[in-house]
Chemist: 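Pasting a structure below so you can have a look.
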Amino acid sequence: MSVAARANETLGRRRNILGNARLAHFDVCIIGSGAGGGSAAHVLTAAGQNVLILETGHNPWGDLDRPGELPPPLQSNDELKYGVREYLDPQALLEPRTFRTQPNATAAVRDDVNSLPKAVGGAFQHADSKTPRYNVVDFELKSRIEKLIGETPGLSVPGFGADAGSANFADWPFDYAELEPYYVAAERLYGVQGSLEDPFASWRSAPFPMPPGVPMYLALLLAEGARQTQLSGGPLHPFPFPASITSRFYEGRPPCVDCGFCSGFGCPSHAKGTPAVTTLRRALLSGHCQLRANATVVELVNDGGHVTALHYADGDGVIHEQRADAFVLAASPIESARLCLLSPTPAGGALGNSSGQVGRNLMFHHQTLVSGFTPQRLHGQRGKAVSDGLSDFRGVEPGGDAFRVVPTAAGRSLFLGGIVEFSASQGLPITDDGGPIAFDLPRGVGFRFGLSLKNALLDGAISQHLIAMQMQGEDAPQLGNRVDLDPSVRDLLGLPVPRITYRPHAYELSSRRFYEPTMKQVIANAGGSQTFIDPCETLLGDPPTSRHIMGTLRMGSDPSSSVVNPDGRFHDVDNLFACDGSVFPTSSGYNPTLTIFAVALRIAHRMVGTVPGP
Amino acid sequence: LREPLLDRRTFLRGAAATAAAAGTLGLGLRCDFPGFFSDTEFATLEALCDRLLPPDRDPGAAALGVPRYIEGLLTAFDRLHPQIFAGGPYSGRTPFPDYQNGTPSRRHPSNRFRRFLAMSPRQELFWRAELFGAVAAGLPAHLGQQRGGVLRGLRSIYPEGLARLDERAQTLHGQPFAGLDTALQDTLLQQLDAPGALPLEPVRDRTFLDIAIQHTLEGCFSAPEYGGNRDGRGWRMISIEGDSQPLGYSLFSRAIGGYREREGHPMSTPNADELGPDGQLVPRPLSADGLRIQTRIGNLTGFLDQVIPGACQ
């Protein structure tokens with residue numbers, strides 16, 4: 001170990017182990033401290049279980065286990081630290097991933113394949129905390145659409161009916177009503193602001209814990225533009241975006257001040273309701289929880305049907321064995337699936353993979369980004385990054401309990417896109433203006449250096465004037481879209497890296513094409529000109545830019561077509577669970593984290609036989 | 001490859017002893033160390049940065065402190081806590097809000113940006129490789145091989161790149177780069193920027209000039225604690241506020257049970273300097289360069305759509 005590493009270890013030891021350091025026997029070991037792991041740890045420790053959390057990332061939060069006020073975090077309004085030097089992210093050089101669009105091609109090392117931050121508290125801390133719910137129809141998408149096709153002459157939907165073999169849609173093993181109490185619990189635990197203005201939101205049994213905060217100027221422009229834009233014979237319906245961000249004093253957290261360093265940054269004031277300052281902290285204060293940071297799990301030791309222990313590498317690469325009675329995967333879909341594939345069974349297969357489904361049905365949201373430029377400055381550096389949006393493009397009827405059938409040239413179809421975020425550049429000079437103008441644009445299009453570059457920076461040509469809408473379109477599950485182990489590329493520890501194989505399906509591409517003209521119209525009505533659509537990355541051979549990652553350990557009742565059962569337990573491993581986005585059978589068209597919270601809360605409650613409190 | 005100016009082991013021992021004696025171990029010492037560049041190299045670097053982001057009525061990269069920023073990066077590990085990640089949560093540039101009235105208070109937090117953060121083992125390994133190169137950092141060889149080469153450190157790339165720039169200037173014009181007039185400097189840089197004129201750094205896939213452009217942008221507009229953006233002039237020049245916590249822009253008031261917007265920094269309305277006397281919008285005109293970049297971006301996607309049908313539809 002280097003001198004500096006040793007010095008860092010001495011200084012950092014206090015923060016590398018959080019919670020009750022004296023615990024010796026663990027009922028449950030959770031891999032990952034983010035949205036799934038934090039939610040589960042809270043429920044399990046509240047029920048008296050002793051829980052060990054292993055987190056591969058570092059701790060940017062200080063002494064989360066100190067009672068009393070929340071500690072000052074190491075997070076800050078610092079473009080260099082987050083946007084350039086990637087304080088929260090894994091280093092692609094040390095932890096590469098490979099990507100390909102065709103199943104038989106050799107996958108290439110790509111610097112940025114859907115990587116999520118790795119740090120205590122998980123990836124949600126880098127998000128701007130948007131927390132819409134899924135709709136009623138989302139939990140029964142497969143059976144409801146097939147039924148509708150049977151009842152409706154001329155109705156065809158890519159991936160369904162006669163085309164069902166091209167995709168792998170499935171119902172969730174429970175319905176919206178079953179999950180609704182857990183949505184309520186999640187909204188309270190994480191502290192969600194929102195309004196009842198979204199007509200397409202499904203029913204709720206409790207109000208939002210907080211009202212919406214202050215809208216951004218650019219959001220008001222786009223909301224007005226949307227009200228002037230018609231779809232299916234009526235105007236669009238903008239509303240304040242639900243987000244787990246305080247707009248009032250809430251459980252020891254102050255109201256958000258709209259500092260602007262939201263999407264892509266950690267919150268310095270604890271206004272963002274992320275796992276670290278909510279569920280994870282409750283678990284750490286319970287006396288029943290210990291968290292080890294910089295602990296990378298490399299293998300689950302098993303006899304094929306039972307996990308006896310796991311091996312993890314500490315920050316110096318030293319391997320440790322850890323035992324527990326049960327194990328929970330919450331490392332996010334790519335890494336949770338990879339860990340199963342890195343864990344051989346005595347019979348020679350991969351752990352939990354008797355269905356052959358581990359790693360399959362990998363889904364991202366299909367993001368459609370339509371932009372324009374306004375003559376006036378939009379000062380996107382003030383605000384939550386996204387304060388308003390619309391869900392007219394989800395393609396459901398009001399209440400989200402039925403589909404909107406649309407006449408087409410060929411007959412009738414459904415266009416199940418997704419929620420739209422009213423967006424803009426965040427006013428960041430290095431990453432919004434400098435990087436794109438000097439590097440990302442082709443030669444002859446951008447300005448490499450000199451007074452032209454300076455003039456564009458002084459104008460904030462992109463960072464102050466770009467106005468945008470981003471749709472989080474539903475991504476069809478496909479067997480061939482998957483994570484497996486790359487045959488030749490290895491990470492810092494010498495382990496095979498995740499290989500991502502992904503190509504879009506006509507299901508999401510048709511929705512993209514259907515809504516794009518309306519999106520362009522909204523931008524124009526909001527005062528944007530030079531309207532343009534970002535290219536679909538996968539058609540250019542690039543990984544999707546989406547950081548909404550779902551699937552790979554599908555949840556279902558049938559052990560031959562799913563990996564975990566409706567309670568998150570592996571069909572074929574009696575003490576192994578998954579409680580992150582990997583269990584989602586379908587992706588819906590809404591930001592997934594609130595649903596990850598709710599699903600993880602449900603799985604954890606069912607592990608210990610409790611229910612959410614009132 | 002350059003050795004650190006001070007042997008790390010000796011330095012750390014000394015610093016740790018000093019800190020322990022002062023009872024401040026772990027609070028993030030900040031010591032001033034001798035620089036990295038020779039005077040000649042520094043002069044070339046200043047001249048280079050000032051052509052990448054030139055002075056006009058506003059300061060250029062040199063006046064904004066970019067060379068010092070780059071030197072701070074290259075010597076990051078000469079400090080007990082490497083000068084890579086500034087601390088948090090606040091810089092002290094704005095005060096705490098007064099939650100009773102929804103106004104700025106008079107209470108400022110202390111500057112924690114100055115206390116650079118201890119790094120995780122992976123962060124440290126990565127940044128050592130970035131500065132000293134893969135071999136010196138002890139990076140496993142396969143990580144470079146699978147990206148087609150061996151990562152070289154910035155502490156090698158900069159002196160070599162600056163020397164190459166001076167050599168070229170000497171050959172063509174008989175003077176070092178810093179001695180040329182700005183028109184000749186610009187011409188030389190344009191030649192070096194042509195594809196293939198400078199070698200691509202292995203693993204990084206960037207030339208020395210690419211790296212210098214990136215660092216110039218960083219040094220102009222990153223938080224002043226990193227050594228550039230002198231006195232926040234980079235931010236003022238482009239009319240942005242920089243870090244705004246803990247005050248922010250929306251100030252909650254218990255007295256009114258809701259938010260007030262911060263005076264002079266509106267959230268939900270246009271900037272005051274773009275409003276006419278009757279409240280109508282009067283946009284500040286963009287430069288020809290700003291308009292050109294917007295138009296070119298708009299046209300670019302149309303072009304892509306022709307090359308790859310459907311890509312942008």
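Below, read A as the first sequence line, B as the second, and so on, with proteins coming before strands; counting in each chain starts at 1.
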Chemist: Name the one of E95(A), H58(A), Q91(A) that satisfies side chain to side chain donor-acceptor pair (under 3.5 Å) with R122(B)?
Modeler: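 Per the side chain to side chain donor-acceptor pair (under 3.5 Å) rule, the option paired with R122(B) is E95(A), out of E95(A), H58(A), Q91(A).
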Chemist: So do the side chains of Y249(B) and E241(B) get within less than 4.5 Å of each other, counting heavy atoms only?
Modeler: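 In short, these two side chains touch, coming nearer than 4.5 Å.
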Chemist: Which bit of Q245(B) comes within less than 4.5 Å of chain A, counting heavy atoms only: side chain, backbone, both or neither?
Modeler: both
Chemist: Quick check for you: among I238(B), T94(B), L291(B), which has the greatest number of heavy-atom pairs under 4.5 Å with chain A?
Modeler: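 Heavy-atom pairs under 4.5 Å are most numerous for I238(B).
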Chemist: How long is the gap from OH on Y217(A) to CD on Q376(A), to the nearest 0.5 Å?
Modeler: 3.5 Å
Chemist: Given heavy-atom pairs under 4.5 angstrom as the criterion, report whether the side chain, backbone, both or neither of P266(B) touches chain A.
Modeler: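 Both parts, heavy atoms under 4.5 Å.
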Chemist: Which bit of T295(B) is near chain A, if near means a heavy-atom gap under 4.5 Å: side chain, backbone, both or neither?
Modeler: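 When you check distances to chain A, atoms from both the backbone and side chain of T295(B) fall under 4.5 Å.
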Chemist: Would you say F85(B) and W127(B) make side-chain contact, with heavy atoms under 4.5 Å?
Modeler: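 Yes; the side chains approach each other to less than 4.5 Å.
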Chemist: Which atoms of S247(A) are under 4.5 Å from chain B, going by heavy atoms: the side chain, the backbone, both sets, or neither?
Modeler: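 Backbone plus side chain of S247(A), per the 4.5 Å heavy-atom cut-off to chain B.
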Chemist: Less than 4.5 Å to any heavy atom of chain B: does that hold for the side chain of L218(A), its backbone, both, or neither?
Modeler: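 Neither; nothing under 4.5 Å.
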Chemist: Can you tell which part of R112(B) gets under 4.5 Å to a heavy atom of chain A, answering side chain, backbone, both or neither?
Modeler: neither
Chemist: Could you tell me which portion of L220(A) (side chain, backbone, both or neither) has an atom closer than 4.5 angstrom to a non-hydrogen atom of chain B?
Modeler: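 Only the side chain of L220(A) comes within 4.5 Å of chain B.
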Chemist: Taking the side chain as everything from C-beta on, heavy atoms only, tell me whether T531(A) gets closer than 4.5 Å to V370(A).
Modeler: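 The answer is yes; the side chains approach within 4.5 Å.
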Chemist: With a 4.5 angstrom heavy-atom cut-off, is it the side chain or the backbone of D273(B) that approaches chain A, or both, or neither?
Modeler: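 Neither; nothing under 4.5 Å.
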Chemist: Side chain, backbone, both or neither: which part of D58(B) has an atom under 4.5 Å from a heavy atom of chain A?
Modeler: both
Chemist: With a 4.5 angstrom heavy-atom cut-off, which part of D433(A) approaches chain B: side chain, backbone, both or neither?
Modeler: neither
Chemist: Check each atom of A119(A) against the heavy atoms of chain B and say whether the ones under 4.5 Å are side chain, backbone, both or neither.
Modeler: neither
Chemist: Check whether any side-chain heavy atom of R382(A) sits under 4.5 Å from a side-chain heavy atom of N271(B), and report yes or no.
Modeler: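 SC-SC contact between R382(A) and N271(B) confirmed.
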Chemist: Given heavy-atom pairs under 4.5 angstrom as the criterion, report whether the side chain, backbone, both or neither of V109(A) touches chain B.
Modeler: side chain
Chemist: Locate the shortest heavy-atom distance separating P215(A) from S387(A); write the atom from each residue and the value.
Modeler: CA-OG, 3.6 Å
Chemist: Does any heavy atom of chain A fall under 4.5 Å from the side chain of V282(B), the backbone, both, or neither of them?
Modeler: neither
Chemist: Among E86(A), H465(A), R490(A), who wins on heavy-atom pairs under 4.5 Å with chain B?
Modeler: R490(A)
Chemist: Could R128(B) and E124(B) be called an ion pair, given the rule that one side-chain N must be under 4.0 Å from one carboxylate O?
Modeler: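 E124(B) and R128(B): salt-bridged.
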Chemist: Any idea which of Q123(B), M237(B), R51(B), R284(B) has the most non-hydrogen atom pairs under 4.5 angstrom with chain A?
Modeler: Q123(B)
Chemist: Which bit of L281(B) comes within less than 4.5 Å of chain A, counting heavy atoms only: side chain, backbone, both or neither?
Modeler: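 Just the side chain, heavy atoms under 4.5 Å.
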Chemist: If you measure from OH on Y99(B) to CZ on R254(B), what distance do you get to the nearest 0.5 Å?
Modeler: 8.5 Å
Chemist: Does any heavy atom of chain A fall under 4.5 Å from the side chain of L151(B), the backbone, both, or neither of them?
Modeler: side chain
Chemist: Sub-3.5 Å donor-acceptor pair from the side chain of E261(B) to the main-chain atoms of M267(B), do we have one?
Modeler: yes
Chemist: For Q145(B), is it the side chain, the backbone, both or neither that has a heavy atom under 4.5 Å from a heavy atom of chain A?
Modeler: neither
Chemist: Side chain, backbone, both or neither: which part of Q75(A) has a heavy atom under 4.5 Å from chain B?
Modeler: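 When you check distances to chain B, only backbone atoms of Q75(A) fall under 4.5 Å.
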Chemist: Is it the backbone or the side chain of T98(A) that comes under 4.5 Å from a heavy atom of chain B, or both, or neither?
Modeler: neither
Chemist: For the candidates P283(B), A288(B), P54(B), which exhibits the highest count of non-hydrogen atom pairs separated by less than 4.5 Å from chain A?
Modeler: P54(B)
Chemist: I'd like to know which of G435(A), P517(A), G444(A) tops the heavy-atom pair count under 4.5 Å against chain B.
Modeler: G444(A)
Chemist: Contact part of P442(A) toward chain B, heavy-atom cut-off under 4.5 Å: side chain, backbone, both or neither?
Modeler: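 For P442(A), the contact with chain B is made by the side chain alone.
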Chemist: Taking the side chain as C-beta and beyond, is there a heavy-atom pair between F261(A) and Q426(A) under 4.5 Å?
Modeler: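 Heavy-atom side-chain distance check fails, nothing below 4.5 Å.
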Chemist: Which atom pair, heavy atoms only, marks the closest approach of L251(B) to P104(B)?
Modeler: CD2-N, 3.6 Å
Chemist: Which answer fits L493(A), side chain, backbone, both or neither, if we ask what part of it has an atom under 4.5 Å from a heavy atom of chain B?
Modeler: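 For L493(A), the side chain is the part near chain B, not the backbone.
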Chemist: If you count heavy-atom pairs under 4.5 Å between each of G88(B), A129(B), G248(B) and chain A, which one has the most?
Modeler: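 Option with the greatest count: G88(B).
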Chemist: Would you mind listing every salt bridge (charged side-chain N to carboxylate O under 4.0 Å, His left out) that reaches into residues 136-147 of chain B, with sequence neighbours excluded?
Modeler: D111(A)-R147(B)
Chemist: Do Y82(A) and S76(A) have side chains that get closer than 4.5 Å, going by heavy atoms?
Modeler: yes
Chemist: Is R262(B) close to chain A through its backbone or its side chain, or both, or neither, when contacts mean heavy atoms under 4.5 Å?
Modeler: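 Neither the backbone nor the side chain of R262(B) comes within 4.5 Å of chain A.
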Chemist: Report which part of L247(B) has an atom under 4.5 Å of a heavy atom belonging to chain A: side chain, backbone, both, or neither.
Modeler: backbone
Chemist: Picking from S244(B), P285(B), A61(B), S268(B), which has the most non-hydrogen pairs under 4.5 angstrom with chain A?
Modeler: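 Most heavy-atom pairs under 4.5 Å with chain A: S268(B).
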Chemist: Taking side chain as everything from C-beta outward and backbone as N, CA, C, O, which of these in P246(B) sits under 4.5 Å from a heavy atom of chain A? Side chain, backbone, both or neither.
Modeler: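 Contact with chain A: backbone only.
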Chemist: Check whether F126(B) forms a cation-pi arrangement with R85(A) (NZ or CZ under 6.0 Å from the six-membered ring centre, at most 45° off the ring normal).
Modeler: no
Chemist: Determine, for R448(A) against D193(B), whether the closest basic-nitrogen to carboxylate-oxygen distance falls under 4.0 angstrom.
Modeler: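 Looking at R448(A) and D193(B), the cut-off is met.
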Chemist: Counting C-beta onward and ignoring hydrogens, is there a side-chain heavy-atom pair between Q83(B) and E225(B) closer than 4.5 Å?
Modeler: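 No; the side chains remain at least 4.5 Å from each other.
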Chemist: Show the atom names and distances, to 0.1 Å, of all donor-acceptor pairs under 3.5 Å that link a side chain in residues 213-222 of chain B to residues at least two apart or in another chain.
Modeler:
| from | atom 1 | to | atom 2 | distance (Å) |
| --- | --- | --- | --- | --- |
| Q214(B) | NE2 | E218(B) | OE2 | 2.7 |
| H215(B) | ND1 | Y158(B) | OH | 2.7 |
| T216(B) | OG1 | A212(B) | O | 2.7 |
| E218(B) | OE1 | Y69(B) | OH | 2.5 |
| S222(B) | OG | E218(B) | O | 2.6 |

Chemist: Verify, without hydrogens or angle tests, whether S425(A) (side chain) and G427(A) (backbone) share a donor-acceptor contact under 3.5 angstrom.
Modeler: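 Pair absent, no side-chain N/O of S425(A) close to backbone of G427(A).
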Chemist: Taking K118(A) first and then D89(A), would you say they form a salt bridge - that is, a charged N and a carboxylate O separated by under 4.0 Å?
Modeler: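 Judged by the 4.0 Å cut-off on N to carboxylate O distance, K118(A) and D89(A) do not form a salt bridge.
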Chemist: Side chain, backbone, both or neither: which part of N294(A) has a non-hydrogen atom closer than 4.5 Å to chain B?
Modeler: side chain
Chemist: Out of L509(A), I462(A), D491(A), return the one with the most heavy atom pairs under 4.5 angstrom to chain B.
Modeler: D491(A)
Chemist: Measure Y87(A) against the heavy atoms of chain B and call it side chain, backbone, both or neither at under 4.5 Å.
Modeler: both
Chemist: Mind ranking I240(B), L53(B), D186(B), D210(B) by heavy-atom pairs under 4.5 Å with chain A and telling me who comes out on top?
Modeler: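 Most heavy-atom pairs under 4.5 Å with chain A: D210(B).
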Chemist: What part of L94(A) lies closer than 4.5 angstrom to a heavy atom of chain B: side chain, backbone, both or neither?
Modeler: both
Chemist: With heavy-atom distances below 4.5 Å as the criterion, would you say the side chains of P254(A) and F249(A) are in contact?
Modeler: yes
Chemist: Of all of G315(A), A456(A), P255(A), which one pairs up most often with chain B through heavy atoms under 4.5 Å apart?
Modeler: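 Top count of heavy-atom pairs under 4.5 Å with chain B: P255(A).
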Chemist: Quick one: what part of V214(A) sits under 4.5 Å from any heavy atom of chain B, side chain, backbone, both or neither?
Modeler: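 Both the backbone and the side chain of V214(A) come within 4.5 Å of chain B.
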